[in-house]
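Working notes, structure below.
The chains referred to below are lettered A, B, ... by the order of the sequence lines, with proteins before strands, and numbering in each begins at 1. What you see below is based on every heavy atom in this structure, not just the backbone, and it leaves out hydrogens, waters and symmetry mates.
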There are 2 protein chains.
Amino acid sequence: MTPKSRVTSHQVAKRAGVSRTTVSFVLNNVPGANISEETRARVLQAAAELGYVPNAAARSLVSGQTLTLGLVVSHAEHLKVDAYIPQLLYSLSHTSHRHGYRVLLETVEDVSRADVYLELVRGQRIDGLIVLNLRSDDKQLPELIRRNFPVVLIGFRRWAELEEKVYAVETDDLEASSRATQHLIGLGHTRIAHITFSPDNYFATQTRHQGYRLALEAAGLEYNPKLVRFGNYSAASGYEAMQKLLQRKPYPTALFAGNDTIALGAMAAIHEKGLRIPQDIAVVGYDDIPTAPYLIPPLTTIQIPAVEQGRLAVEMLSGLIRGVVPERPQIRLPAPLIVRASCGAKQKAKAYQR
Amino acid sequence: MTPKSRVTSHQVAKRAGVSRTTVSFVLNNVPGANISEETRARVLQAAAELGYVPNAAARSLVSGQTLTLGLVVSHAEHLKVDAYIPQLLYSLSHTSHRHGYRVLLETVEDVSRADVYLELVRGQRIDGLIVLNLRSDDKQLPELIRRNFPVVLIGFRRWAELEEKVYAVETDDLEASSRATQHLIGLGHTRIAHITFSPDNYFATQTRHQGYRLALEAAGLEYNPKLVRFGNYSAASGYEAMQKLLQRKPYPTALFAGNDTIALGAMAAIHEKGLRIPQDIAVVGYDDIPTAPYLIPPLTTIQIPAVEQGRLAVEMLSGLIRGVVPERPQIRLPAPLIVRASCGAKQKAKAYQR
DNA sequence: TTGAAAGCGCTAACAC
DNA sequence: GTGTTAGCGCTTTCAA
């Protein structure tokens, strides 16, 4: 960068013929300061002419604020393959802007490294934290919450011991996955397979798995571990898991997939085996990613309102940073089942409803 | 945050019984300073015990560095729907970490607001910038480049007037889209439709469109604007565009889609119309998103090496920030055509190769 | 109404 | 080898 572009408040002050204090007062609209209209205009013009933007570090050093929010994606691979996340990123970024914040994207590669985002906090790089899909082996977050650092979780989580201090925007994954499974049971299926969302160290995975199990048992069906395979967010993992589920008969007649991307991969495996969806195997997904209505056949799935989740999370966090305690620490959003064609509940004629 | 967590170098110094200078020297491994092993160990231990992390703002203020890279996604909607971007985000974040940088995610909502990322630069929030899919109506970027601010573009772009100052990791979109179209021509197609990547204000869109046209004309086929529809990154836009293309006969016998997500949507429209892929309409996409091999049928597409692009972009940028001028300002990556089943080039038996 | 001066936490040149 | 000190650019109290 050329020296020319390093404009300081000093230069603005000089150009406007005032002191740096005045510049600061004008630019920050300090309430107490009585600045004449004429001076104010001169300062504003000088700043505009020079393209002055206050140095973020200096401002942050003195104010203690960074105007930056950290977004933690618990597993980096997840980001790469799951189409649910981009919607959230979009919404988070969008809403943060509207509240005057920037978003620092932090992906966590390694479980064992405990300081990954503690460092952001300790180094005072961020004013608050949004954590996506918390893992059950995360030890640092409870610590942060205990110290009252502003944190909002996206996704479902109960922490008995911290209940009223855990701020979250959640959907009831347990109930929703149970409802998805019930839907399949209601269509007459008894051999319903499940491919999990991820390895077992995600809360979301445990909860969805559990919901599936509860629905089976509530209907008097046996929970059969052979019908459960572990996925890994991706279509590739869904494809492989489904192939394994189709290695021996009797085939399952329905699948509840841990997310839509996994469902997509599983559908490819089903198709490759020469089986039809939904006639031979019904499929239900989770998330309602933007491409779900355009799969062949269109995917029946639990809808997670990603954009609204993102918006609410930022609004809540921005409040927490300002010391506003929300009425209820946890916001629960509805997660409706969107019935399309892949579950077989609808007539062919209506199959392509979007 | 409790006061306890606001650990400063002063406290570390006190605990270790040394001065703040010594703490700084030890923690930053300053080469010149001769620190006794014993002192060094004491400082390190004190820092560890207190969980000391230097205040980022203070450090940045004095060093002039932020250790943060800005990532600009030119259109916010794009982020939400295109599965190509997450791969890049992943790679960018991953590589940045390895180089000691953080990633600030900046989405540009509004074309007209000229200061969107100039502000990041002027406020010295970032040390360098990565710009994804530059738009042709972007006026601020040339300015930044002219001033030698470290910028790396991802995607193809020629700027005659700045040629040797534009750093980029690119694929030859013109050649690649031409090659994709040629592939369809080689399979005997003459009515080949194109759904563009986005509205026309992206360079990538113009280039892919142009490559399609060049291939047609090189083969002596007429370029027919009626076979071209504008997409909008998303499956929904691909679906709608394809529906329009199928409104009157003769139908196109092949489609070259501006990206894979659009191809996915278009495939749904084709299927809904009762037509078969590839027998009635062959489809070729662009990007090779992670789900492309799992579409039904698996998608033939141009492969953009997103992860490698991201890695190279960060490496180049990190070099530029340190003043390292790369041998060649533009790195060009190969973009092979991955032939799967959707184009009809392969036998049915091999259709599901992944 | 405006200006002088202190200090946020850190690094690094310069003494000791 | 280690400590003293002067800023980095900004906000903000206090004085004029």
- Task: Could you tell me the separation between the NE2 atom of A:His10 and the C1' atom of D:dC8, rounded to a whole number of Å?
- Result: 14 Å
- Check the distance between C:dC8's P and A:Gln124's CD and give it to me in whole angstrom. 13 Å
- So, is B:Ser24 close to the C:dC10 phosphate, meaning a side-chain N or O under 4.0 Å from OP1 or OP2? no
- Tell me: CZ of B:Arg20 to C1' of C:dA12, nearest whole Å? 12 Å
- Measure from CZ on B:Arg42 to P on D:dG1 and round the result to the nearest Å. 15 Å
- For B:Asn55 and C:dC8, is the shortest distance between a side-chain N/O and OP1 or OP2 below 4.0 Å? no
- Rounded to the nearest angstrom, tell me the gap between atom NZ in A:Lys14 and atom C1' in D:dG9. 16 Å
- If you look at every strand shown and take non-hydrogen atoms under 4.0 Å, does B:Ser63 touch a base, only sugar-phosphate, or nothing? nothing
- Message: So, OP1 or OP2 of D:dT2: does either fall under 4.0 Å of a side-chain N or O from B:Ser36?
- Response: yes
- Query: Would you find a donor on one side and an acceptor on the other, under 3.5 Å apart, between the side chain of A:Lys165 and the backbone of A:Asn148?
  - Reply: no
- Query: Starting at CD of A:Gln65 and ending at C1' of D:dT11, how long is that distance when rounded to a whole Å?
  - Reply: 13 Å
- Query: Do any side-chain nitrogens or oxygens of A:Tyr52 fall under 4.0 Å of OP1 or OP2 in D:dC10?
  - Reply: yes
- Task: Measure from CG on A:Asn28 to C1' on D:dT12 and round the result to the nearest Å.
- Result: 10 Å
- Message: Regarding A:Ser96 and A:Ser93, do their side chains bring together a donor and an acceptor under 3.5 Å, going by distance alone?
- Response: no
- Message: For the residue pair A:Asp127 / A:Thr66, report whether a side-chain donor-acceptor contact shorter than 3.5 Å exists.
- Response: yes
- So does B:Thr39 get a side-chain nitrogen or oxygen closer than 4.0 Å to the phosphate oxygens (OP1/OP2) of D:dG1? no
- Query: Could one point to a donor on the side chain of B:Thr21 or the base of D:dT4 with an acceptor on the other under 3.5 Å away?
  - Reply: yes
- Query: Which listed nucleotide (D:dT11, C:dG9, C:dC10) is nearest to the side chain of B:Leu61?
  - Reply: C:dG9
- Message: Strictly below 4.0 Å: does A:Thr22 bring a side-chain N or O up to OP1 or OP2 of C:dT1?
- Response: no
- Message: Distance alone, cut at 3.5 Å: any donor-acceptor contact between the side chains of A:Ser318 and A:Arg322?
- Response: yes
- Out of C:dC10, D:dT11, D:dT2, which has the shortest distance to the side chain of A:Arg59? D:dT11
- Query: Which listed nucleotide (C:dG9, C:dG3, D:dC10) is nearest to the side chain of A:Ala58?
  - Reply: D:dC10
- Task: Using a cut-off of strictly less than 4.0 Å, decide whether B:Ser60 has a side-chain nitrogen or oxygen near OP1 or OP2 of C:dC10.
- Result: no
- In sequence, state the C-alpha distance, the side-chain angles, and the governing distance for B:Arg122 and B:Glu119, and then conclude on salt bridge (Lys or Arg N to Asp or Glu O under 4.0 Å). CA-CA 5 Å; B:Arg122 291 231 177 91; B:Glu119 209 155 298; over 6 Å; no
- Length of the CZ-C1' vector between B:Arg125 and D:dC10, whole Å: 13 Å
